[in-house]
Protein chains: 2
Amino acid sequence: MPEKDQNLGQYLKELRIVKNLSLRDVEKATNNSVSNAYLSQLESGKISKPSPHILESLAKVYEVHYEDLMAVAGYMRSSKTKKSGVAFFNQHDLSAEEKKKLLDYLQFLRKQK
Amino acid sequence: MPEKDQNLGQYLKELRIVKNLSLRDVEKATNNSVSNAYLSQLESGKISKPSPHILESLAKVYEVHYEDLMAVAGYMRSSKTKKSGVAFFNQHDLSAEEKKKLLDYLQFLRKQK
DNA sequence: CAAGCCCGCTAAGTTTGTCAAGCAAATAAA
DNA sequence: TTTATTTGCTTGACAAACTTAGCGGGCTTG
């Protein structure tokens, strides 16, 4: 489950990277309802309270429960431990740094074609 | 249950009137997290998409399920028919006008001491 | 009547979410 | 290497959310 104090931006970035999507991929996948520029700001934490319908669009693309994103955004208390798409990155007691390194490495691996 | 197409403002106003609270009463009850001026704008429909934590504060004061308000605001599909505090005003096939007249009359009655 | 309080409401200002355009670096293609 | 495409990101402008101050009306109390 998403950790309580994990910030929304990091979580969104994890989801996107694991799914191997670019900012613009997501923009298209959401039918332009979330611009790549805005998603960038979300991931970098410059925006902390997006409107729920934005989260809904993202949840659909990332195949995550809408309520999960709402919870991470601080809009709801996290509901009953639903295992979402990136469960691996959240279930194994990874520190924030470890997680980040793994994600970086994942990108590296994929770039090797 | 709140009707699908019922707008948020009207619903909030109903709740407040039935509970016999003034705008300022609600402001105080929410610990100043919802100003009376802002609530007025909400009820008049000048603001249609308040941030969820606003709805959370109001739900607490009005003793309504948070999810209900979220649903009425269009942030969630209405969950399983929870009967909220003003069930009377929503269950008896009242038209919008009828409802409004009843609420006005309710205020009139109460004003009679 | 006058002084005071509470009511709903609004006008004006600040903040913040959101988008369109575009830039610099990385990658791919020629 | 040069050109073109993609990627993440920043900037500037706009709209919508949200705040603060205050008005005018209706009650109450002296």
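Proteins get letters first, then strands, A, B, ... in listed order; numbering begins at 1 in each.
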Rounded distance (Å) that lies between atom [atom2] of [N] and atom [atom1] of [X]:
X        : N       : atom1 : atom2 : value
Leu23(A) : dC19(C) : CG    : C1'   : 15 Å
Leu12(B) : dG8(C)  : CG    : C1'   : 16 Å
Glu43(B) : dG8(C)  : CD    : C1'   : 9 Å
Asn31(A) : dC19(C) : CG    : P     : 13 Å
Leu42(A) : dG8(D)  : CG    : P     : 14 Å
Ile17(A) : dG8(D)  : CD1   : C1'   : 11 Å
Arg16(A) : dT6(D)  : CZ    : P     : 16 Å
Leu39(A) : dT7(D)  : CG    : P     : 13 Å

Pairs: protein N or O with nucleotides 16-23 of chain D N or O, under 3.5 Å:
{"residue": "dA17(D)", "atom": "OP1", "partner": "Lys49(B)", "partner atom": "N", "Å": "3.0"}
{"residue": "dC18(D)", "atom": "OP1", "partner": "Ser51(B)", "partner atom": "N", "Å": "3.4"}
{"residue": "dC18(D)", "atom": "OP2", "partner": "Tyr38(B)", "partner atom": "OH", "Å": "2.4"}
{"residue": "dC18(D)", "atom": "OP2", "partner": "Ser51(B)", "partner atom": "N", "Å": "2.9"}
{"residue": "dC18(D)", "atom": "O5'", "partner": "Tyr38(B)", "partner atom": "OH", "Å": "3.2"}
{"residue": "dT19(D)", "atom": "O4", "partner": "Gln41(B)", "partner atom": "OE1", "Å": "3.1"}

Please examine the side chains of Leu8(B) and Leu55(B), heavy atoms only from C-beta on, and report whether any two atoms are closer than 4.5 Å.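 Leu55(B) reaches Leu8(B) side chain to side chain.
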I'd like to check the side-chain contact (heavy atoms from CB on, under 4.5 Å) partners of [X]; sequence neighbours left out, ordered by chain and number.
X        : answer
Ser48(B) : none
Ala59(B) : Tyr66(B), Leu69(B)
Thr30(B) : Val26(B), Ser33(B), Val34(B), Ser57(B), Leu58(B), Val61(B)

Please identify each residue that fulfils side chain to side chain donor-acceptor pair (under 3.5 Å) with Ser22(B), with sequence neighbours left out.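 Ser22(B): side chain to side chain donor-acceptor pair (under 3.5 Å) contacts with Asp25(B).
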Nearest to the side chain of Asp25(B), heavy atoms from C-beta on, is which of dC9(C), dC7(C), dT10(D)?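 Comparing dC9(C), dC7(C), dT10(D) against the side chain of Asp25(B), the answer is dC7(C).
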Listed once per pair and sorted, the salt bridge (Lys or Arg N to Asp or Glu O under 4.0 Å) pairs that draw on residues 38-56 of chain A, sequence neighbours left out: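 Sorted pair list: Arg16(A)-Glu43(A), Glu56(A)-Arg77(B).
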Determine: side-chain N/O of Ser22(B) to OP1/OP2 of dC7(C), distance under 4.0 Å, yes or no.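 Answer yes for this pair, as a side-chain N or O of Ser22(B) is under 4.0 Å from OP1 or OP2.
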